[in-house]
Amino acid sequence: MKISFVGAGSMAEAIISGMTQKKLIDHKNIYVTNRTDDVKLSTLKEKYKIQTTYSMKNLLEQTDIVFLAVKPKDAKDALLAIRPYLHSTTLVISVLAGISISYIESMLNSPIIRAMPNTSAAVGKSATAIAYNNKVSNEQLNITINLLSSIGKTTIVEEEKLDAITGLSGSGPAYIYYIAEAMEQSAQEIGLEKTEAKKLIIQTLLGAAEMLELSGKSPADLRKSVTSPGGTTEAGIRVLDNSHVKEAFIHCIKEATTQSKRLAQINSKK
Ligand SMILES: NC(=O)C1=CN([C@@H]2O[C@H](COP(=O)(O)OP(=O)(O)OC[C@H]3O[C@@H](n4cnc5c(N)ncnc54)[C@H](OP(=O)(O)O)[C@@H]3O)[C@@H](O)[C@H]2O)C=CC1
Ligand SMILES: O=C(O)[C@@H]1CCC=N1
């Protein structure tokens, strides 16, 4: 099987990294291109032993799957560039935030899967959601689900949910990194050494995620079990509550979701 990536940025690299580690597909059959950044292409070629090219013909001839991984604003250009080289059955998987299946259908007569992964794909831990059009065969759907299993967990959803999923889990890793940044900064201010703090923060995040997955308890119950009356956690959380941090996070996720919808509107007019 040959897989081609149009776009060689953070998301394409995260998917390529996950796929090549799991060896589900031979790295020699993974092709990638971008617009101008040849240094990035050389780095990807060196790091993952994949093929790079600036020829669309080379990229797309006899390919089974094309991953579209350009910024939403570049969708039209990329779709126009690939169109002449696609067979009617070539599967197009778009990871673009806010670009609808119908927008892609307006330019391509192809089987289309719209996917929303996240950059944790690089370590096989993406939360990916997919929706697809009626040209996707059962075989293509099964191949895609199998392929995406190499970068994490995949669920099939109705396309309408993808804006919300983009706001929640597509952007989600960034929210957690934001918390990690704050933890790192505070660690220095309370007198901890950077490397020791880093280890403690990572283990704390991993442990909390695993508790959420394995304990069967709700986040609220898990939080209660950390919070002794009159203790340190209570004192800390009081500051978060007084600063309305939970409301800010809820607002953040709603705003990211709205932005996904805005992107759809902006791009549908292009
Ligand atoms: N980053 C993330 O966490 C996630 C991103 N996504 C989606 O993935 C997509 C890519 O995001 P991300 O990787 O962060 O973006 P980047 O800016 O890192 O990468 C975009 C890539 O697209 C290339 N490109 C632009 N136009 C063309 C074109 N016409 N033909 C070929 N290549 C082109 C750029 O090349 P060059 O540098 O040479 O211009 C660059 O390699 C976005 O649509 C985003 O919504 C989805 C989920 C998570
Ligand atoms: O910020 C973005 O637009 C992309 C989509 C989801 C995560 N990153």
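Small disclaimer: the values here were computed from a predicted structure and weren't measured. Below, each value reflects all heavy atoms present in this structure, side chains not excepted, and no hydrogens, waters or symmetry copies. Just so you know, ligand 1 is whichever comes first in the structure, and atom 1 is the first atom listed for that ligand.
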So do the side chains of Gln140 and Ile113 get within less than 4.5 Å of each other, counting heavy atoms only?
no
Quick note on ligand 2: atoms under 4.0 Å from a heavy atom of Ala97 include exactly 5 (C)
Closer than 4.0 Å: a protein non-hydrogen atom to atom 2 (C) of ligand 2
no
Using distance only, find each side-chain donor-acceptor pair of residues 35-44 under 3.5 Å and give its atom names and separation, not counting sequence neighbours.
unit_1, atom_1, unit_2, atom_2, d
Arg35, NH1, Asp74, OD1, 3.2
Asp37, OD1, Val39, N, 3.4
Asp37, OD1, Lys40, N, 3.0
Lys40, NZ, Glu13, OE1, 2.8
Ser42, OG, Asp38, O, 2.9
Thr43, OG1, Val39, O, 2.7

Within-shell test, Ala81 vs ligand 1, heavy atom, strictly < 4.0 Å:
no
If we only count heavy atoms from C-beta on, is the Leu68 to Ile93 side-chain gap below 4.5 Å?
no
In terms of atom number and element, which parts of ligand 1 are under 4.0 angstrom from non-hydrogen atoms of Gly7?
21 (C), 22 (O), 23 (C), 32 (N), 41 (O)
Contact atoms of ligand 1, heavy-atom distance to Met116 under 4.0 Å
46 (C), 47 (C)
Is there a side-chain contact between Phe249 and Ile179, using heavy atoms and a 4.5 Å cut-off?
yes
Side-chain donor-acceptor pair under 3.5 Å between Thr233 and Thr227, yes or no?
no
Looking only at distances, please establish whether an N/O atom of ligand 1 is found under 3.5 Å from an N/O atom of Ser10.
yes
Taking 4.0 angstrom as the limit and counting only heavy atoms of Ala8, give me the atoms of ligand 1 inside it, by number and element.
21 (C), 40 (C), 41 (O)
Counting each atom of ligand 2 from 1 as listed, which ones have a heavy atom of Gly170 under 4.0 Å away?
6 (C), 7 (C)
With heavy-atom distances below 4.0 Å as the criterion, list the atoms of ligand 1 near Asp37.
37 (O), 38 (O)
Does an N or O from Ala12, backbone or side chain, lie closer than 3.5 Å to an N or O of ligand 1?
no
Answer yes if a protein heavy atom lies under 4.0 Å from atom 6 (C) of ligand 2, otherwise answer no.
yes
Tyr31 ring centre to Lys2 NZ or CZ under 6.0 Å, with the angle to the axis within 45°?
yes
Are side-chain N/O atoms of Arg262 and Gln265 paired as donor and acceptor at under 3.5 Å?
no
Which is closest to atom 12 (P) of ligand 1 by heavy-atom distance: Lys73, Lys71, Arg35?
Lys71
Ser225 side chain to Leu222 backbone, donor-acceptor under 3.5 Å:
yes
Under 3.5 Å, which donor-acceptor pairs link side chains of residues 127-136 to any protein atom two or more places apart or in another chain?
unit_1, atom_1, unit_2, atom_2, d
Thr128, OG1, Ser126, OG, 2.7
Asn133, OD1, Ile112, N, 3.0
Asn133, OD1, Lys135, N, 3.2
Asn133, ND2, Glu105, OE2, 3.0
Asn133, ND2, Ser110, O, 3.0
Lys135, NZ, Asn109, OD1, 3.2

Per-atom contacts of ligand 2 with Ser171, taking only distances under 4.0 Å to non-hydrogen atoms:
6 (C), 7 (C)
